Amino acid sequence: QVQLVESGGGLVQTGGSLRLSCAASGRTFGSRAMGWFRQAPGKEREFVAAISRSGGNIHYVDYEDSVKGRFTISRDNAKNTVYLQMNSLKPEDTAVYYCAGTAVYSDTKKIPRGYYEYNYWGQGTQVTVSS
């Protein structure tokens with residue numbers, strides 16, 4: 001069983017930055033793709049970013065179009081942690097942000113976008129961007 005714990009959310013003004021962290025339990029972190037999703041009030045959970053499992057020092061990433069160029073996903077396998085650096089934040093980025101992890105993957109290039117492809121979820125962290 002994998003446990004995920006997010007941190008780093010908060011209140012920030014438009015144009016500001018936040019860095020979310022997600023700490024994972026277990027010894028197979030590097031073999032799992034990791035993702036970030038968000039859910040705003042009254043809306044469905046949506047994909048934000050994902051990073052492939054580790055294959056040497058190479059990782060593949062994918063982003064939802066509205067966050068490209070502003071958000072960066074990264075991982076530190078030594079710390080069992082995945083990050084989401086969020087810059088140039090907008091009010092429409094306001095949501096609860098969830099970290100998610102897949103089952104162990106053999107494919108080092110797979111970067112899943114569907115929430116159904118993830119097996120483990122954190123409890124969420126609130127991000128609020130004021131205008």
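Bear in mind that the values here come from a model prediction, so they are computed numbers and not experimental data.
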- Message: Donor-acceptor check, side chain of Thr108 to backbone of Gly55, threshold 3.5 angstrom: yes or no?
- Response: no
- Message: Would you say that more than 12 heavy atoms from the other residues, nucleotides or ligands in this model lie under 6.0 Å from the CD of Glu92, or not?
- Response: yes
- Message: Quick check: closest heavy atoms across Tyr118 and Pro112, and the distance to 0.1 Å?
- Response: OH-O, 2.7 Å
- Shared hydrophobic cluster, Tyr63 / Ile51 (ILVMFWY, side-chain heavy atoms < 4.5 Å): yes
- Item | Atom pair OH/OG1 of Tyr120 and Thr102 - distance to nearest 0.5 Å | 9.0 Å
- Would you call Gln123 and Tyr98 a side-chain contact if the rule is heavy atoms closer than 4.5 Å? no
- Task: Ignoring hydrogens and angles, tell me if any N or O in the side chain of Ser21 forms a donor-acceptor pair with the backbone of Ser7 under 3.5 Å.
- Result: no
- Item | Heavy-atom closest contact (Arg32 atom, Val104 atom, distance) | NH1-N, 3.6 Å
- Message: Do Leu18 and Val127 have side chains that approach each other closer than 4.5 Å (heavy atoms only, starting at C-beta)?
- Response: yes
- Query: Looking at CD1 of Ile73 and OH of Tyr60, how far apart are the two atoms once the value is rounded to the nearest 0.5 Å?
  - Reply: 15.5 Å
- Note on the structure: Looking only at heavy atoms, the pair that brings Arg38 and Ala95 closest together is CB-CB, 3.8 Å
- So, Asn80 side chain and Ala24 main chain: donor-acceptor pair closer than 3.5 Å or not? yes
- Item | Value rounded to 0.5 Å, distance of CE in Met34 from CG in Asn77 | 10.0 Å
- Query: With a cut-off of 6.0 Å (strictly less than), are more than 12 heavy atoms of other residues, nucleotides or ligands near OH of Tyr105?
  - Reply: yes
- Here the gap from Lys90 atom NZ to Ser131 atom OG, rounded to the nearest 0.5 Å, amounts to 14.0 Å
- CZ-OG1 distance between Arg75 and Thr81, expressed to the nearest 0.5 angstrom: 10.0 Å
- Check: Ser52 side chain, Ala33 main-chain N or O, donor-acceptor pair, under 3.5 Å: no
- Item | Ser88 backbone acceptor or donor facing Arg70 side chain under 3.5 Å | yes
- Task: Ignoring hydrogens and angles, tell me if any N or O in the side chain of Glu64 forms a donor-acceptor pair with the backbone of Lys68 under 3.5 Å.
- Result: no
- Least distance between heavy atoms, Leu4 atom then Cys22 atom: CB-SG, 3.8 Å
- Hey, what do you get for CG (Leu89) to OG1 (Thr94), rounding to the nearest 0.5 Å? 8.5 Å
- Message: Check for me, please, whether Val61 and Tyr83 land in the same ILVMFWY cluster - side-chain distances under 4.5 Å, paths through other members count.
- Response: no
- Any sub-3.5 Å donor-acceptor pair from Glu6's side-chain atoms to Gly124's backbone N or O? yes
- What is the minimum heavy-atom distance between Asn119 and Ala103, and which atoms define it? OD1-N, 3.0 Å
- Determine whether the side chains of Asn87 and Ser17 contain a donor N or O and an acceptor N or O closer than 3.5 Å. yes
- Is it true that a side-chain atom of Thr128 and a backbone atom of Leu11 form a donor plus acceptor pair closer than 3.5 Å? no
- Message: So Arg19 and Leu84, do their side chains get closer than 4.5 Å, heavy atoms only?
- Response: no
- Message: Taking the side chain as everything from C-beta on, heavy atoms only, tell me whether Trp36 gets closer than 4.5 Å to Leu20.
- Response: yes
- Note on the structure: In terms of heavy-atom contacts, Asp62 and Arg113 come closest through OD2-NH1, 2.7 Å
- Kindly state whether the ring of Phe37 and the ring of Phe47 have centres lying under 6.0 angstrom apart. yes
- Query: Within the distance-only criterion (no hydrogens, no angle test), does the side chain of Ser31 pair as donor or acceptor with the backbone N or O of Phe29 below 3.5 angstrom?
  - Reply: no
